[in-house]
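Step one of this worksheet: look at the structure below.
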Amino acid sequence: MLTRLKGKSEGKLAKQICKVVLDHFEKQYSKELEDSWNTVRDVLISPSLWQYAVLLNRFNYPFELEMDLYLKGYHQLFQGSLPYCPKSLKCYLSRTTDRFPSERHQFGNLKKYYLLNAASLLPVLALELRNGEKALDLCAAPGGKSLALLQCAWPGYLHCNEYDRLRLRWLRQTLESFIPQPLINVIKVSESDGREIGDAQPETFDKVLVDAPCSNDRSWLFSSDPQKATCRIHQRRNLPVLQMELLRSAIKALRPGGVLVYSTCTLSKAENQDVINETLNSYSNVMPVDIREIARTCSQDFTFAPTGQECGLLVIPDKGKAWGPMYVAKLKKS
């Protein structure tokens with residue numbers, strides 16, 4: 001199953017769907033999402049409907065680009081709609097599926113913008129990072145959320161960790177492409193097993209982001225090898241165990257009074273609500289934080305599915321709002 005270009009004029013990727021994965025999704029998500037699944041499926045299997053938001057880099061601010069985005073019909077996300085939304089975080093999106101070109105790296109010059117799934121910013125906003133705080137991004141590659149955190153505040157210390165060596169290189173490149181040297185000096189990049197950081201740095205951080213390894217529904221749907229996809233379906237059952245271990249480590253690394261945000265890019269209840277419910281049932285000193293206000297104020301740009309949780313949100317891809325999947329949950333350590 002090779003990825004091919006439809007044509008340079010369209011600039012869209014024609015991807016081939018892995019039937020094994022789609023059948024698995026049909027069985028699981030038609031139960032979990034019920035009527036919403038039909039629309040979600042139609043968006044997931046149609047990359048031509050996918051959208052990309054433009055996150056502006058405050059460290060090399062593109063004033064001319066911002067004006068160009070306005071003229072192209074883009075609008076600013078989160079503008080004045082949330083209790084925590086720093087003015088320095090500027091992200092633009094379009095109602096259409098026009099793909100903004102990615103920016104080439106130029107040695108010695110910081111990039112002006114980063115393309116991302118707009119729902120990726122919701123965990124960052126839920127974390128509410130403030131100037132001077134110590135923060136941990138436990139599973140940081142490819143670096144988009146770390147970059148977004150730095151658009152929000154100047155942390156006293158930011159630890160970006162990634163266990164996978166190839167993804168670690170990607171993370172380093174992202175930070176070097178967007179972040180100026182003075183700020184790089186307060187960032188530590190490590191290649192540790194995230195499950196061990198809590199023991200190594202107990203009660204160290206004010207804020208911890210666990211953007212956990214997950215099924216990653218979008219990319220998995222276009223798996224090139226059906227046999228590997230079948231194998232991954234079996235391995236998928238073990239992901240909640242890993243996710244729980246990462247959360248245990250994150251809770252250890254968090255100081256009393258600190259905040260933890262857990263996120264995934266899967267629709268799977270087993271990797272989302274069930275993991276958070278098990279965490280809350282396992283720890284008497286970890287409390288849920290109500291983040292339903294985010295869903296109320298952002299419904300114009302995102303479609304949310306019910307999660308049955310005050311502390312958990314699930315963004316589902318929709319036509320004209322093709323963001324997600326993205327699950328976000330917020331907890332506080334007492």
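Residue numbers run from 1 in the order of the sequence given.
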Take S215 and E271 through the test side-chain hydrogen bond (donor to acceptor under 3.5 Å, both in side chains) and record every step on the way to the result.
CA-CA 8 Å; S215 298; E271 297 176 52; 2.4 Å; yes
Criterion side-chain contact (heavy atoms from CB on, under 4.5 Å) on I17 and F222, from CA distance to verdict:
CA-CA 5 Å; I17 295 156; F222 298 94; 3.6 Å; yes
Hey, mind stepping through Y61 and E66 against side-chain hydrogen bond (donor to acceptor under 3.5 Å, both in side chains) and telling me if it holds?
CA-CA 9 Å; Y61 201 77; E66 188 172 26; 2.9 Å; yes
Hey, mind stepping through F59 and L183 against side-chain contact (heavy atoms from CB on, under 4.5 Å) and telling me if it holds?
CA-CA 10 Å; F59 305 114; L183 195 50; 3.4 Å; yes
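Residues L314 and F304 form no side-chain contact, since every pair of their non-hydrogen atoms from C-beta on lies 4.5 Å or further apart. Looking at L267 and V40, their side chains come closer than 4.5 Å, going by heavy atoms from C-beta outward. Between K112 and E103, the closest side-chain pair of non-hydrogen atoms falls below 4.5 Å. R167 is not listed as a side-chain neighbour of C139, based on a closest heavy-atom distance of 4.5 Å or more. When side chains are defined from C-beta on, L44 counts as touching W37, because their heavy atoms get closer than 4.5 Å. In this structure, the side chains of L171 and L175 come closer than 4.5 Å at one or more pairs of heavy atoms. The closest side-chain heavy-atom distance from C311 to D290 is not below 4.5 Å. Counting heavy atoms from C-beta on, the side chains of Q309 and I276 come closer than 4.5 Å.
A distance of 7.5 Å separates SG of C265 from CG of D217, quoted to the nearest 0.5 Å. The CG atom of L149 sits 9.0 Å away from atom CG of L147, with the distance rounded to the nearest 0.5 Å. To the nearest 0.5 Å, the span separating CG on L138 from OG on S192 amounts to 9.5 Å. Atoms NZ and OG1, from K72 and T96 in turn, are 10.5 Å apart once rounded to the nearest 0.5 Å. Between the CD atom in Q51 and the CG atom in L115 there is a gap of 13.0 Å [rounded to 0.5 Å].
Considering all non-hydrogen atoms of both residues, T266 and P325 come closest at C-CB, 3.9 Å. Of all heavy-atom pairs between R236 and S268, the closest is NH2-CB, 3.7 Å. Nearest heavy atoms, S263 versus L209: OG-CD1, 4.2 Å. For the residue pair S146 and C160, the shortest heavy atom distance occurs at OG-SG, 3.4 Å. For K321 against S299, the heavy-atom pair with the smallest separation is NZ-O, 3.0 Å.
The six-membered or imidazole ring of Y70 lies near that of Y92, with a centre-to-centre distance under 6.0 Å.
Other residues, nucleotides and ligands contribute over 12 non-hydrogen atoms within 6.0 Å of the CZ atom of R292. Atom CZ of F302 has more than 12 heavy atoms from other residues, nucleotides or ligands within 6.0 Å. Heavy atoms of other residues, nucleotides or ligands lying less than 6.0 angstrom from NZ of K134 number 12 at most. With a 6.0 Å radius and a threshold of 12 heavy atoms from other residues, nucleotides or ligands, N131 has its CG atom above the threshold.
The aromatic rings of F205 and Y157 sit parallel to each other, their planes meeting at less than 30°, with 60° as the upper class boundary. Ring geometry for F100 against Y74 counts as perpendicular: the plane angle is over 60°, on a 0 to 90° scale with 30° as the lower cut.
The pair D199-K252 meets the salt-bridge criterion, with a side-chain N (NZ, NE, NH1 or NH2) lying under 4.0 Å from an Asp/Glu carboxylate O. In this structure, E245 pairs ionically with R195, as a charged nitrogen and a carboxylate oxygen lie closer than 4.0 Å. Residues K207 and E133 are paired through a salt bridge, judged by an N-O separation under 4.0 Å between the basic side chain and the carboxylate. By the 4.0 Å N-to-carboxylate-O rule, K330 lies close enough to E128 to be salt-bridged with it. In this structure, K319 pairs ionically with D42, as a charged nitrogen and a carboxylate oxygen lie closer than 4.0 Å. By the 4.0 Å N-to-carboxylate-O rule, E293 lies close enough to R296 to be salt-bridged with it. Classification of K19 and D23 as a salt-bridged pair holds, one side-chain N sitting under 4.0 Å from a carboxylate O.
Under the 3.5 Å distance criterion, with hydrogens and angles disregarded, no donor-acceptor pair is assigned to the side chains of S334 and N285.
Residues L82 and L313 share a single hydrophobic cluster, defined by chaining ILVMFWY side chains whose heavy atoms lie under 4.5 Å apart. Under the 4.5 Å side-chain heavy-atom criterion for ILVMFWY residues, a single connected hydrophobic cluster contains both L129 and I184. Each of Y113 and Y52 belongs to its own hydrophobic cluster when Ile, Leu, Val, Met, Phe, Trp and Tyr are linked at side-chain heavy-atom distances under 4.5 angstrom. In this structure, L254 is a member of the same hydrophobic cluster as M244, with clusters built from ILVMFWY side-chain heavy atoms closer than 4.5 Å. Grouping the Ile, Leu, Val, Met, Phe, Trp and Tyr side chains by contacts below 4.5 angstrom, directly or via other members, places W170 apart from I179.
The side chain to side chain contact (heavy atoms under 4.5 Å, CB included) with T279 is formed by just one residue from the set L260, L247, D274; it is L247.
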